[in-house]
Amino acid sequence: MQAPLTPRLISALNAAATAHRNHERKGSGIPYISHLYAVMYLAASVTTDEDVLIAALFHDVLEDVPESFPAERMRAEFGDRVTDLVLHLSKDDSLPGWQDRADAYLAHLEHEAPDEAVLIACADKLHNLMSILADHDTQGEDLWGRFNSGKERQQWWYGSVLEVVQRRLPDLPLAADLEREVARFRNI
């Protein structure tokens, strides 16, 4: 599958890079934008829907850097559908703890989020897991110090997202990739 690199998609690439320009992946020194590009790349392996690809680029913007690129601006520049997909992927920061936010995210993904948001969530978690496993290969168990929750909670989290994706989009090719990575993760 090949999505054309339109002026709108180029504008979204630039907007995501600018919004996250001062961020790095946890503990790695890798520019955060690499994750956003990777999530878009994974999504592009199963869809050419430009709105979905742009939402994949923006999936963390409203959660992590809303001051850099607020929802109103996103809506004005990229439309309602992109913004609504990103909102479906944003955890509720008003909830008190990690577990509450995780449970609410999973329930929303299972029952309210459109299929396109589930696809993006799958691509996001797949890339996160690939990065975690690569870091584990070089850092070992010291890796868990960079997370708000330990290894067991992370294993639960990725397994739970996988279960939702498998129920919602059982034929999604990325789900098989996520399943493979979750199985590797459970065995480290």
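In this chain, residues are counted from 1 in sequence order. This is a predicted model, so every value here is computed, not measured.
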What closest approach, in Å, do Ser45 and Leu42 show between heavy atoms, and which atom pair accounts for it?
OG-O, 2.5 Å

When His59 is tested against each of His20, His88, His35 for ring-ring contact (aromatic ring centres under 6.0 Å, His included), which residue passes?
His35

Can you tell me how far apart CZ (Arg21) and CG (Asn14) are? Round to the nearest 0.5 Å.
12.5 Å

Taking the six-membered ring for Trp, are Trp156 and Trp98 parallel (under 30°), tilted (30 to 60°) or perpendicular (over 60°)?
perpendicular

In short, Ala43 meets Ala123 closest at the heavy-atom pair N-CB, 4.1 Å

Assess the residue pair Leu9 and Leu57 against the criterion (side-chain contact (heavy atoms from CB on, under 4.5 Å)); give the C-alpha distance rounded to whole Å, side-chain angles, the decisive distance to 0.1 Å, and a yes or no.
CA-CA 10 Å; Leu9 189 54; Leu57 282 169; 4.2 Å; yes

Contact summary for Leu62 and Ser90, nearest pair of heavy atoms
CB-OG, 3.9 Å

Spacing of CH2 belonging to Trp144 relative to NE2 belonging to His136, to within rounding of 0.5 Å:
6.0 Å

Pair Leu169, Cys122 - check side-chain contact (heavy atoms from CB on, under 4.5 Å), show working.
CA-CA 10 Å; Leu169 300 175; Cys122 182; over 6 Å; no

Nearest-0.5 Å distance, CD of residue Glu163 to CG of residue Leu109
12.0 Å

Can you tell if the side chain of Met40 reaches within under 4.5 Å of the side chain of Leu13, non-hydrogen atoms only?
yes

Smallest separation among heavy atoms of Leu143 and Ile132, with atom names:
CD2-O, 3.6 Å

Is it true that a side-chain atom of Arg167 and a backbone atom of Glu110 form a donor plus acceptor pair closer than 3.5 Å?
no

Do Val164 and Lys125 come close enough that some side-chain heavy atom pair is under 4.5 Å?
no

Working note: Asp80 + Arg75, criterion salt bridge (charged side-chain N to carboxylate O under 4.0 Å, His left out); need CA distance, chi angles, decisive distance, verdict.
CA-CA 5 Å; Asp80 291 337; Arg75 205 171 287 285; 3.1 Å; yes

For Ala55 and Leu85, the nearest pair of non-hydrogen atoms, with its separation, is CB-CB, 3.7 Å

Just distance, no hydrogens or angles: give the donor-acceptor pairs under 3.5 Å from side chains in residues 174-181, sequence neighbours left out.
unit_1, atom_1, unit_2, atom_2, d
Asp177, OD1, Arg180, NH1, 3.1
Glu181, OE1, Arg184, NH1, 3.0

Approximate separation, where rounding is to 0.5 Å, of Leu5 CG and Ile10 CD1:
4.0 Å

Are the side chain of Ser131 and the backbone of His127 linked by a donor-acceptor contact shorter than 3.5 Å?
yes

Do the side chains of Tyr32 and Ile30 join up, straight or via other hydrophobic residues, at under 4.5 Å, putting them in one cluster?
no

Atom pair CZ (Phe58) and CG (Leu53), whose distance is rounded to the nearest 0.5 Å:
11.5 Å

Quick one: pull up CZ in Arg101 and CG in Asp93 and give me the separation to the nearest 0.5 Å.
6.0 Å

Should Tyr41 and Val52 be counted in the same cluster of Ile, Leu, Val, Met, Phe, Trp and Tyr side chains packed under 4.5 Å apart?
yes

Considering all heavy atoms, the nearest Val39-Asp124 contact:
CG2-CA, 3.6 Å

Who pairs with Asp135 by side-chain hydrogen bond (donor to acceptor under 3.5 Å, both in side chains), at least two apart in sequence or on another chain?
Arg146

Check the pair Phe185, Leu133 against side-chain contact (heavy atoms from CB on, under 4.5 Å), reporting the backbone distance first and the verdict last.
CA-CA 7 Å; Phe185 188 29; Leu133 290 166; 4.2 Å; yes

Name all residues meeting the salt bridge (Lys or Arg N to Asp or Glu O under 4.0 Å) criterion together with Arg8; count only those two or more places apart in sequence or in a different chain, and write none if there are none.
Glu50, Asp51

The test is side-chain contact (heavy atoms from CB on, under 4.5 Å); show your working for Thr47 and Glu116 and say whether it passes.
CA-CA 9 Å; Thr47 185; Glu116 297 88 349; over 6 Å; no

Report yes if some heavy atom in the side chain of Thr18 is under 4.5 Å from a heavy atom in the side chain of Phe69; otherwise report no.
no

Centres of the Tyr105 and Trp157 rings: under 6.0 Å?
yes

